[in-house]
Amino acid sequence: MRLNTSWPLNSEKLSLAYDSSDTVIDSLDLTIESQKVTVLVGGNGCGKSTLLKSFARLLKPISGLIFLEGQNINQLPGKGVARKMAILPQGPVAPEGLTVEQLVKQGRYPHQNWLQNWSKEDEYYVRKALIDTNMTAYSDRPIEVLSGGQRQRAWIAMALAQNTEILLLDEPTTYLDLTYQIEILDLLFELNREQKVTIVMVLHDLNLACRYADQLIALKDGGVYCQGAPEKVLNAGMVEAVFGMRCHIAKDPLFGTPMCVPHGKGRVIVDEQAEQNHTA
């Protein structure tokens with residue numbers, strides 16, 4: 001597996017834990033497809049965020065290996081990895097008073113060295129990141145005065161300023177209302193389609209995951225339960241096995257992607273024929 005340098009990111013027999021008695025990911029072989037949007041889904045505690053942290057070298061494996069473009073990621077220099085891959089963790093916090101532009105400039109740190117500080121190339125990528133995220137008008141504003149969606153776009157702009165081929169995002173839509181969720185996901189989708197950025201993100205909303213993912217990876221019990229295109233992965237059996245929830249799978253009327261309609265315990269389906277027609 002590790003000899004295939006056409007894969008931007010993959011793991012081999014990867015096991016992860018926060019202490020020796022609590023294995024979260026167990027002997028995982030996983031490949032991320034190049035220039036695609038990959039979404040990790042699964043129940044709470046299944047290892048989605050843990051896996052993303054290990055890909056970003058924020059959590060060292062207890063065994064197994066992670067490869068970045070065919071090279072052992074834990075043997076690569078930190079700045080070298082940061083020039084290839086950026087991460088937006090869950091709930092990032094900026095120092096009080098830091099402006100949007102100052103935050104975005106932090107994304108150029110991996111490209112700095114003691115011989116060369118700020119350059120025209122750095123300026124170009126900062127400006128481009130602000131334009132791509134529609135944040136130019138807010139560049140002088142402190143992060144803390146922005147709306148939730150604006151703050152998230154500012155953090156994404158910082159990641160984009162790194163000018164990497166891979167972008168990792170841990171629940172980028174958490175705590176955002178539906179309008180901002182769609183705004184952020186549309187932005188990431190456009191970045192993938194127009195700039196060919198390989199995107200790996202954790203999402204909780206299965207329906208949004210299906211709308212935006214090229215590859216869906218469902219995690220359960222420390223490993224991959226299933227993976228593939230959303231229409232091949234999302235079905236009633238998978239949802240019940242991975243999330244412990246009964247549901248119907250319908251077709252999204254706007255995008256044609258699979259749509260999960262959960263059964264609720266507080267209500268019952270009174271029209272059995274309607275249920276059968278809907279399932280069919």
Side-chain angles (χ1 to χ4, degrees), residues 5-10 31-41 52 55-56 68-69 81-89 92 100-101 103-108 110-111 119-139 146-174 176 178-203 205 207-217 228-231 252 254-257:
T5 58
S6 66
W7 293 331
L9 198 60
N10 65 280
T31 298
I32 300 300
E33 294 186 22
S34 179
Q35 300 182 3
K36 301 291 186 180
V37 177
T38 297
V39 177
L40 306 177
V41 299
L52 213 62
F55 281 163
L68 176 62
E69 296 180 348
V81 173
R83 292 188 188 111
K84 294 177 179 288
M85 183 168 59
I87 182 168
L88 179 60
V100 170
E101 183 172 13
L103 176 68
V104 177
K105 283 183 174 180
Q106 301 302 309
R108 297 304 298 167
H111 302 273
S119 67
K120 289 183 179 180
E121 182 179 47
D122 294 323
E123 191 67 32
Y124 168 79
Y125 283 111
V126 167
R127 292 300 159 199
K128 185 176 186 300
L130 289 168
I131 291 169
D132 287 345
T133 54
N134 294 318
M135 289 299 289
T136 303
Y138 304 94
S139 60
L146 301 178
S147 68
Q150 291 166 347
R151 282 197 301 272
Q152 198 70 327
R153 288 210 314 266
W155 284 102
I156 292 174
M158 185 194 74
L160 294 182
Q162 283 184 230
N163 188 35
T164 62
E165 299 172 0
I166 305 171
L167 182 57
L168 310 177
L169 305 106
D170 191 1
E171 300 184 29
T173 59
T174 299
L176 300 181
L178 186 58
T179 299
Y180 287 133
Q181 289 182 43
I182 298 299
E183 179 182 281
I184 294 300
L185 293 173
D186 279 347
L187 166 62
L188 295 172
F189 188 81
E190 289 170 7
L191 289 170
N192 168 260
R193 292 312 194 250
E194 295 174 7
Q195 300 183 31
K196 307 303 180 184
V197 178
T198 298
I199 293 176
V200 185
M201 59 181 163
V202 173
L203 289 179
D205 190 310
N207 296 334
L208 290 180
C210 287
R211 277 193 179 189
Y212 290 94
D214 296 301
Q215 178 181 222
L216 207 62
I217 299 177
E231 58 269 21
D252 187 312
L254 294 179
F255 291 83
T257 50

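For Pro230 against Leu216, the heavy-atom pair with the smallest separation is CA-CD2, 4.3 Å. The heavy-atom pair separating Thr133 from Ala129 by the smallest distance is OG1-O, 2.7 Å.
For the pair Ile156/Leu169, a side-chain contact is recorded, criterion being any heavy-atom separation below 4.5 Å from C-beta on. Side chains of Leu146 and Met135 form a contact here, defined as non-hydrogen atoms less than 4.5 Å apart. Taking the side chain as every heavy atom from C-beta outward, Val37 and Met201 approach each other to under 4.5 Å. Val126 is listed as a side-chain neighbour of Leu130, based on a closest heavy-atom distance under 4.5 Å.
The line from CG of Leu203 to CD of Glu171 is 8.0 Å long, rounded to the nearest 0.5 Å. With rounding to the nearest 0.5 Å, the separation of CD in Gln195 from CG in Asn192 is 10.0 Å. Atom CG in Leu68 sits 10.5 Å away from atom CZ in Phe55 (nearest 0.5 Å).
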Which donor-acceptor pairs under 3.5 Å do side chains of residues 180-190 form with protein atoms, sequence neighbours excluded?
from, atom 1, to, atom 2, distance (Å)
Tyr180, OH, Ser147, OG, 3.3
Gln181, NE2, Leu176, O, 2.9
Glu183, OE2, Arg153, NH1, 2.4
Asp186, OD1, Tyr212, OH, 2.7

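Applying the salt bridge (Lys or Arg N to Asp or Glu O under 4.0 Å) criterion to Asp205, with sequence neighbours excluded, gives no partner residue. Glu123 pairs by the side-chain hydrogen bond (donor to acceptor under 3.5 Å, both in side chains) definition with Trp118, Arg127, not counting sequence neighbours. Contacts of Met85 classified as side chain to side chain contact (heavy atoms under 4.5 Å, CB included), with partners at least two apart in sequence or in another chain: Leu9, Ile73, Val81, Ile166, Leu168. Every residue meeting the side chain to side chain contact (heavy atoms under 4.5 Å, CB included) condition with Glu33, not counting sequence neighbours, appears here in chain and number order: Lys36, Gln215. Listed by chain and number, the residues in a side chain to side chain contact (heavy atoms under 4.5 Å, CB included) with Glu165 are Glu69 (sequence neighbours excluded). Partners of Tyr124 by side chain to side chain contact (heavy atoms under 4.5 Å, CB included), not counting sequence neighbours, listed by chain and number: Lys128. Looking at residues two or more places apart in sequence or on another chain, you find a salt bridge (Lys or Arg N to Asp or Glu O under 4.0 Å) between Arg193 and Asp214. The side-chain hydrogen bond (donor to acceptor under 3.5 Å, both in side chains) search around Arg211 returns Asp252, not counting sequence neighbours.
Side-chain contact annotation: Glu121 with Asn163, donor-acceptor N/O pair under 3.5 Å absent.
Under the side chain to side chain contact (heavy atoms under 4.5 Å, CB included) rule, Leu167 has a single partner from Val200, Leu160, Thr198, Ile87, which is Leu160.
In this structure, the side chain of Gln162 engages the main chain of Ala82 through a donor-acceptor pair within 3.5 Å. Checking side-chain atoms of Arg108 against main-chain N and O of Ala161 turns up a donor-acceptor pair under 3.5 Å.
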